[in-house]
Peer 1: 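Mind looking over this structure? Questions follow.
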Protein chains: 2
Amino acid sequence: MIKISDDKSYFNQDLCDDYCPSVKEEELRERLTDVEGLSEIFKVLGDETRTKILYLLAQKELCVCDLAAVLEMSMPAISHHLRLLKMLRLVKNRREGKMVYYSLDDDHILNLIREAQEHYAEER
Amino acid sequence: MIKISDDKSYFNQDLCDDYCPSVKEEELRERLTDVEGLSEIFKVLGDETRTKILYLLAQKELCVCDLAAVLEMSMPAISHHLRLLKMLRLVKNRREGKMVYYSLDDDHILNLIREAQEHYAEER
DNA sequence: CTAACAATTAAGCAATCGTTTAATTGAATT
DNA sequence: AATTCAATTAAACGATTGCTTAATTGTTAG
């Protein structure tokens with residue numbers, strides 16, 4: 001009798017037929033909690049525009065239209081990114097007349113960027 | 001005469017009408033080269049499954065079906081991620097009989113993960 | 001008040017991403 | 001040689017992403 005293809009046997013199965021790991025499945029799964037949720041930050045930096053925005057704001061407080069000009073993008077596009085960054089408390093803003101100035105609100109994010117630069121430098 | 005909406009004036013325009021920055025546009029743009037290309041690595045880690053794979057492989061060499069079992073995902077799904085990770089030289093593999101064992105090929109990526117963990121820990 | 005400008009928000013859309021299912025390859029076992 | 005199992009690859013699909021255009025809000029200047 002042929003196996004039907006909807007058997008989803010990879011869920012909760014006891015690893016392979018021929019066991020590979022000396023470490024138990026459960027042990028490995030516990031470790032996973034260490035990295036749970038980390039991708040959120042990485043996802044933010046995974047967009048080049050956002051990384052650039054953060055890096056620019058680390059140099060200097062800038063208004064939206066400055067960012068738009070420097071990055072050669074539309075203001076709505078920049079504004080959307082800033083909204084996300086603000087929600088995550090990576091940037092803060094203040095209004096001054098018609099303009100809204102943004103600045104970095106999380107110095108630690110720079111460590112991440114620095115670390116990535118080192119990683120990048122080591123590739124050949 | 002009304003301005004037509006396809007004028008794209010945010011390209012190469014001289015910043016805002018009311019100048020904000022004391023720093024010139026050009027200066028800021030030069031800085032941007034510092035972070036160019038970094039998002040590639042961040043994009044990799046921006047997917048939780050991939051971060052988990054890398055973290056697991058940092059603990060121990062594992063075959064594809066082990067990873068699939070621990071992460072409770074299909075083998076093709078895992079395989080796709082591994083292919084990307086290998087292309088970027090983050091992991092390497094070796095064949096042993098029917099199984100293919102993967103292991104970490106880039107220790108520096110762990111620094112990035114560690115840095116993100118610290119960042120995560122500081123949020124409340 | 002009205003006009004002008006910075007910024008935000010909303011709606012729509014194309015491109016990308018991560019998964020699934022199915023087919024295929026590679027190797028060992030019988 | 002045929003079967004079985006691990007792994008990869010290909011095709012297809014739904015969800016998400018990041019942008020655009022258009023409309024709206026907030027503030028200042030005339």
Side-chain angles (χ1 to χ4, degrees), chain A residues 1-11 13-21 39-40 42-53 62-69 71-87 91 93-102, chain B residues 1-11 13-21 39-40 42-53 62-69 71-87 91 93-102:
Chain A
M1 198 176 267
I2 314 277
K3 259 194 184 172
I4 312 296
S5 67
D6 68 342
D7 79 283
K8 306 278 185 192
S9 60
Y10 47 87
F11 284 149
Q13 87 184 25
D14 232 353
L15 302 177
C16 320
D17 284 8
D18 316 342
Y19 272 93
C20 319
S39 319
E40 189 187 48
F42 288 130
K43 224 170 269 178
V44 171
L45 297 167
D47 181 87
E48 186 122 319
T49 302
R50 281 193 292 264
T51 303
K52 285 179 177 175
I53 289 175
L62 289 169
C63 66
V64 181
C65 74
D66 283 344
L67 286 167
L71 296 172
E72 302 181 18
M73 292 181 61
S74 71
M75 280 184 42
I78 299 296
S79 201
H80 281 132
H81 287 303
L82 288 170
R83 200 167 71 91
L84 174 69
L85 296 176
K86 202 192 165 192
M87 270 172 37
V91 304
N93 61 2
R94 70 181 176 86
R95 177 142 225 153
E96 189 179 313
K98 279 184 280 190
M99 324 246 231
V100 176
Y101 286 90
Y102 282 82
Chain B
M1 198 175 266
I2 314 276
K3 259 193 183 173
I4 312 299
S5 67
D6 68 340
D7 79 283
K8 306 280 188 192
S9 61
Y10 48 86
F11 284 152
Q13 87 183 26
D14 233 352
L15 303 175
C16 320
D17 284 7
D18 316 341
Y19 271 92
C20 319
S39 319
E40 189 187 49
F42 288 130
K43 223 170 270 178
V44 171
L45 298 167
D47 182 87
E48 186 122 319
T49 302
R50 281 193 294 263
T51 303
K52 285 179 176 174
I53 289 175
L62 289 169
C63 67
V64 181
C65 74
D66 283 343
L67 286 168
L71 296 173
E72 300 181 19
M73 291 182 62
S74 72
M75 280 185 40
I78 299 296
S79 202
H80 279 132
H81 287 304
L82 287 170
R83 200 167 70 91
L84 174 69
L85 296 176
K86 203 192 166 193
M87 269 172 35
V91 305
N93 61 2
R94 69 181 177 87
R95 176 142 226 153
E96 189 178 313
K98 279 185 280 191
M99 323 246 230
V100 176
Y101 287 90
Y102 281 82

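Note that these values count all heavy atoms, side chains included, but never hydrogens, waters or copies made by symmetry. Letters A, B, ... mirror the listed sequences (proteins, then strands); counts begin at 1.
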Peer 1: Side-chain N or O of A/Y102 versus OP1/OP2 of C/dA6: is the shortest distance under 4.0 Å?
Peer 2: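 A/Y102 to C/dA6 OP1/OP2: no side-chain N or O under 4.0 Å.
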Peer 1: Working to the nearest 0.5 angstrom, can you tell me the gap between A/K98 NZ and A/C65 SG?
Peer 2: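 Interatomic distance, A/K98 NZ to A/C65 SG, rounded to 0.5 Å: 10.5 Å.
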Peer 1: Any side-chain N or O of A/S79 below 4.0 angstrom from OP1/OP2 of D/dC19?
Peer 2: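 Checking A/S79 against D/dC19: no side-chain N or O falls below 4.0 Å of OP1 or OP2.
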Peer 1: Could you work out, with side chain to side chain contact (heavy atoms under 4.5 Å, CB included) as the rule, every residue matching A/V100, not counting sequence neighbours?
Peer 2: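 Side chain to side chain contact (heavy atoms under 4.5 Å, CB included) list for A/V100, sorted by chain: A/N93, A/R95, A/Y102.
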Peer 1: Measure from CG on A/D47 to P on C/dC17 and round the result to the nearest Å.
Peer 2: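 For the pair A/D47 CG and C/dC17 P, the rounded distance is 11 Å.
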Peer 1: To the nearest angstrom, how far is B/R50 atom CZ from C/dT19 atom P?
Peer 2: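 Going from CZ in B/R50 over to P in C/dT19 covers 8 Å.
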Peer 1: Figure out the CG/C1' separation between B/N93 and D/dA6, and round it to whole Å.
Peer 2: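 It is 13 Å, rounded to the nearest whole Å.
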Peer 1: Roughly how many Å is it from CE in B/M87 to P in D/dT8, rounded to a whole number?
Peer 2: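 Taking atom P of D/dT8 as the reference, CE of B/M87 is at 14 Å.
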Peer 1: Return the value, rounded to whole Å, for the distance between atom NZ of B/K86 and atom C1' of D/dT8.
Peer 2: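 About 11 Å, once rounded to whole Å.
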Peer 1: What nucleotide among D/dT9, D/dC19, C/dT19 has an atom nearest to a side-chain atom of B/R83?
Peer 2: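 The answer is D/dT9, which lies nearest to the side chain.
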Peer 1: Please tell me which of A/A77 and B/L82 maps to the more 5' nucleotide of DNA chain D, matching each residue to the nucleotide holding its nearest heavy atom.
Peer 2: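 First, find each residue's nearest nucleotide; the 5'-ward one identifies B/L82.
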Peer 1: Figure out the CE/C1' separation between A/M75 and D/dG18, and round it to whole Å.
Peer 2: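 For the pair A/M75 CE and D/dG18 C1', the rounded distance is 17 Å.
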Peer 1: Checking A/E40 now: which residues fulfil side chain to side chain contact (heavy atoms under 4.5 Å, CB included) with it, not counting sequence neighbours?
Peer 2: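 A/E40 satisfies side chain to side chain contact (heavy atoms under 4.5 Å, CB included) with A/L88 only.
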Peer 1: Given atom NE2 of B/H81 and atom C1' of C/dT19, what is their separation to the nearest angstrom?
Peer 2: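 Distance, rounded to whole Å: 8 Å.
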Peer 1: Looking at A/H80, does any N or O in its side chain come under 4.0 Å of the phosphate oxygens OP1/OP2 on D/dT17?
Peer 2: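 No, A/H80 has no side-chain N/O under 4.0 Å of OP1/OP2 on D/dT17.
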Peer 1: Which residues pass the side chain to side chain contact (heavy atoms under 4.5 Å, CB included) test with B/H80, sequence neighbours left out?
Peer 2: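 If we apply the side chain to side chain contact (heavy atoms under 4.5 Å, CB included) test to B/H80, skipping adjacent residues, there are no hits.
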Peer 1: Would you kindly give the NZ-to-C1' distance between B/K43 and C/dG18, to the nearest whole Å?
Peer 2: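 These atoms are roughly 15 Å apart.
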Peer 1: In B/S/- notation, 5' to 3', how is nucleotides 24-30 of chain D contacted by protein heavy atoms closer than 4.0 Å?
Peer 2: --BBS--
Peer 1: Enumerate, atom names and distances included, each donor-acceptor pair closer than 3.5 Å involving a side-chain atom of residues 44-51 of chain A, sequence neighbours excluded.
Peer 2:
unit_1: A/D47; atom_1: OD2; unit_2: A/T49; atom_2: N; d: 3.0
unit_1: A/D47; atom_1: OD2; unit_2: A/R50; atom_2: N; d: 3.1
unit_1: A/E48; atom_1: OE1; unit_2: B/G37; atom_2: N; d: 3.3
unit_1: A/E48; atom_1: OE1; unit_2: B/S39; atom_2: OG; d: 2.9
unit_1: A/E48; atom_1: OE2; unit_2: B/G37; atom_2: N; d: 3.4
unit_1: A/R50; atom_1: NE; unit_2: A/V44; atom_2: O; d: 2.9
unit_1: A/R50; atom_1: NH1; unit_2: A/H81; atom_2: ND1; d: 3.3
unit_1: A/R50; atom_1: NH2; unit_2: A/K43; atom_2: O; d: 3.3
unit_1: A/T51; atom_1: OG1; unit_2: A/L45; atom_2: O; d: 2.8
unit_1: A/T51; atom_1: OG1; unit_2: A/D47; atom_2: O; d: 3.4

Peer 1: Does B/S74 make a side-chain N or O approach to OP1 or OP2 of C/dG18 shorter than 4.0 Å?
Peer 2: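 False: B/S74 side-chain N/O out of range (4.0 Å or more) of C/dG18 OP1/OP2.
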Peer 1: Within this structure, what is the CZ-NZ distance for the pair B/R83 and B/K86, rounded to the nearest 0.5 Å?
Peer 2: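 Spacing of CZ (B/R83) from NZ (B/K86) equals 11.0 Å.
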Peer 1: What distance separates A/I53 CD1 from A/I78 CD1, expressed to the nearest 0.5 Å?
Peer 2: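 The distance works out to 4.5 Å.
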